[in-house]
Amino acid sequence: MSHVAVENVHGLEQQLAVLDLSAADGQGGGPNRNAFAAGRQGGYTIAPPANYGWDGGRNNFVNGYHDNRMAGGNVFNRGPPRMERGRGGVGGGYRGNRGGAFNPINPPQPMAFGGGGGGGGGNNSRWVEEPREEGDWSKPTPRNERLENELFSASNTGINFEKYDDIPVEATGQNCPHHIESFQDVDMGEIVMSNIALSRYTRPTPVQKYAIPIVKSKRDLMACAQTGSGKTAAFLLPILSQIYCEGPGEAVSAAKASGQDNGKYGRRKHYPISLILAPTRELALQIYDESRKFSYRSRVRPCVVYGGADIGQQMRDLERGCHLLVATPGRLVDMMERGKIGLDYCNYLVLDEADRMLDMGFEPQIRRIVEQDTMPHKGIRQTMMFSATFPKEIQILARDFLEEYIFLAVGRVGSTSENITQKVVWVEESDKRSFLLDLLSATVIPSEVQDGTGDTIEKPGKDSLTLVFVETKKGADALEDFLYREGYACTSIHGDRSQRDREEALSQFRSGKCPILVATAVAARGLDISNVKHVINFDLPSDIEEYVHRIGRTGRVGNLGLATSFFNDKNGNITKDLLDILVEAKQEVPSWLESLAYEHQHKSSNRGRSKRFSGGFGARDYRQTAAGGPAGGFGGRGGRNQAAHGGTRGFGGGGFGNFYTSDGYGGNYSHSQVDWWGN
DNA sequence: AAAAAAT
């Protein structure tokens with residue numbers, strides 16, 4: 001049945017979910033979880049901040065790029081902080097109490113919108129609006145219809161997750177709070193509830209049902225849930241709810257005490273109450289955009305900082321207040337070293353895509369941020385980690401940052417959504433391009449377009465997006481060029497493109513203006529793009545986690561998706577894991593893949609381990625063993641046609657099935673065959 | 001060997 005919450009039960013098939021990794025193994029003795037709430041309630045000096053536009057945070061100019069969502073320039077002035085009105089909050093203590101003592105002007109008055117436009121940024125503002133940080137943080141600030149439309153108009157029309165109700169859920173850890181069935185089952189306050197309604201969320205997704213009460217009860221959490229199942233809201237909603245409920249504590253007064261805005265970047269240091277770290281800039285931006293929705297009509301101001309964009313602009317944005325910060329690690333460290341951000345009062349830490357954040361490339365930066373600076377220790381702060389994949393070795397590492405945590409697994413850790421139809425096809429390197437053309441013309445929902453000669457041709461429609469993954473940045477450029485020359489409206493995203501181009505590419509893809517996006521791993525994780533109907537692994541990745549995340553760009557929030565992967569003898573290292581994934585997701589398995597996996601199992605060591613953890617085996621050694629060297633089973637020269645037609649390849653005893661021959665898919669695949677996967 | 005993430 002559904003939602004089997006298990007306490008301290010060692011599940012069998014849950015991929016290491018439990019083992020000895022559960023929180024129940026006595027890491028106890030740490031500080032009281034509630035310490036931060038109790039211990040950080042020092043003096044609170046109320047000093048009115050600069051004039052905030054009532055713009056849930058985001059101005060129309062962020063990160064150095066003009067944001068077209070709000071034409072007309074920066075209409076809100078950024079005057080100096082207003083003179084202290086000295087409502088004598090000193091010693092007044094913590095502000096979380098609703099209906100607290102200091103609420104003389106309620107509700108706060110918003111700035112006039114549009115009208116007046118803020119006085120040209122002069123330093124002599126005479127606006128007498130209530131600064132947003134004052135007042136009762138649990139009470140909504142006034143509506144702003146323009147902002148409301150901007151934030152909520154594009155959101156999808158509710159999530160249909162009924163079919164997920166029989167996904168097995170495992171929650172391990174001591175005193176795990178009971179899950180909820182509806183957003184009304186837990187008190188998240190009127191601000192959150194109204195933003196949930198505006199977002200048209202009808203009922204919580206499975207991961208939200210469990211994570212929300214866990215986070216609300218101040219527990220640390222390691223959460224694993226399939227791609228597209230609503231993880232972002234699963235942490236944003238309860239964290240924001242807590243901040244609204246408890247107020248800013250010392251963070252706001254500390255920022256004010258840290259200095260005056262000197263007009264340029266400001267001298268102030270900002271103390272976010274919550275920090276969310278993400279592995280790519282676009283993902284950080286996306287999370288930030290979500291946080292703007294859920295902080296609408298609140299006193300919480302979200303900010304985002306990431307590399308590749310104007311740091312001065314980001315600093316100016318911080319200057320307007322920063323209570324919830326979304327960041328990529330490098331830029332955050334930079335900001336910390338410049339004294340612009342202090343984590344001293346950061347009570348909530350989220351690692352999104354946590355297994356990536358803790359892998360070799362990121363771990364030192366995470367330790368730098370979390371352990372080697374002023375962030376409250378684990379047990380004081382609340383730490384939450386989310387990902388669809390979480391290799392065992394990284395789970396162990398992750399425990400360094402967690403205290404008495406709850407392990408939550410919705411579905412098996414690392415599994416793929418059954419909403420995604422997965423196909424693996426044998427394609428030699430030299431055939432990949434022509435194969436891709438066939439695939440594109442066969443799978444896109446076409447719209448008729450006039451080509452240069454006046455003939456009507458069919459091109460991808462804007463409601464049918466195709467995401468093509470390649471392994472290298474060069475490869476991405478080359479493939480984009482190729483597709484462009486073939487007449488496809490396509491673009492590309494990878495780490496060598498400018499940040500501006502990256503964001504532009506993503507936006508053109510999202511909007512359907514370029515319905516084909518060629519991408520490297522930068523787009524593999526977390527990005528929520530509606531209408532991605534087809535993910536194509538032009539090059540398969542070398543580890544299975546990457547595969548799971550890549551194909552998870554389709555089949556989101558209950559929609560169906562298709563993922564096609566080009567496989568050849570370069571991909572030996574992923575054979576077994578790929579087979580396991582296909583079997584588990586009840587997908588058709590090409591018999592040649594089964595045979596290869598069988599061979600691989602008998603011919604390579606270190607099987608089933610991600611290369612990151614292969615101990616003494618460096619990546620190079622592993623590759624040689626697995627795929628290239630004398631011990632490998634992939635030395636043969638088999639062509640796609642041979643494979644497809646069951647011809648003999650160079651693998652000893654490789655019995656090839658007729659999965660691809662039986663449906664004529666092999667070398668004779670043509671544009672007319674749109675039906676090869678059974679639709 | 002590659003990608004990502006600060007300049």
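Sequence lines set the chain letters: A, B, ... in the order given, protein chains first and strands last, and positions in each chain run from 1.
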Taking only the side-chain heavy atoms of Thr520(A) (C-beta and beyond), determine which of dA6(B), dA5(B), dA3(B) contains the nearest atom. dA3(B)

By salt bridge (Lys or Arg N to Asp or Glu O under 4.0 Å) - contacts of Glu504(A) (at least two apart): none

Across the strands shown, which category fits Gly361(A) at heavy-atom distances under 4.0 angstrom: base, sugar-phosphate, nothing? base

Nucleotide nearest Ser542(A) (side chain, heavy atoms from C-beta), chosen from dA1(B), dA5(B), dA4(B): dA1(B)

Checking all strands, does Arg502(A) fall into the base, sugar-phosphate, or nothing category for heavy-atom contacts under 4.0 angstrom? sugar-phosphate

Interatomic distance where CD belongs to Gln499(A) and C1' belongs to dT7(B) [whole Å]: 14 Å

Looking at residues at least two apart in the chain, or sitting in another chain, which of them share a salt bridge (Lys or Arg N to Asp or Glu O under 4.0 Å) with Asp477(A)? none

Whole-Å distance separating the CG atom of Asn573(A) from the P atom of dA2(B): 15 Å

Could you state the CZ-P distance from Phe362(A) to dA6(B), rounded to the nearest angstrom? 7 Å

Just the rounded figure in Å: distance from P of dT7(B) to CD of Glu337(A). 13 Å

Length of the OH-P vector between Tyr306(A) and dA4(B), whole Å: 16 Å

What integer distance in Å separates Lys473(A):NZ from dA4(B):P? 5 Å

Establish, yes or no, whether a centroid distance under 6.0 Å links the rings of Phe469(A) and Phe538(A). no

Using atom CZ of Arg368(A) as one end and atom P of dA6(B) as the other, report the distance to the nearest whole Å. 14 Å

What is the distance, rounded to the nearest whole Å, between atom CZ of Arg525(A) and atom C1' of dA5(B)? 14 Å

Any side-chain N or O of Thr328(A) under 4.0 Å from OP1/OP2 of dA4(B)? no

Where the side chain of Thr472(A) is concerned, which of dA4(B), dA6(B), dA2(B) is the nearest nucleotide? dA2(B)

Would you please confirm or rule out a distance under 4.0 Å between OP1 or OP2 of dA4(B) and any side-chain N or O of Arg356(A)? no

What one should report as the nearest heavy-atom pair of Ser274(A) and Ile243(A) is CB-CD1, 4.1 Å

Is the Tyr271(A) ring parallel, tilted or perpendicular to the Tyr345(A) ring (thresholds 30°, 60°)? perpendicular

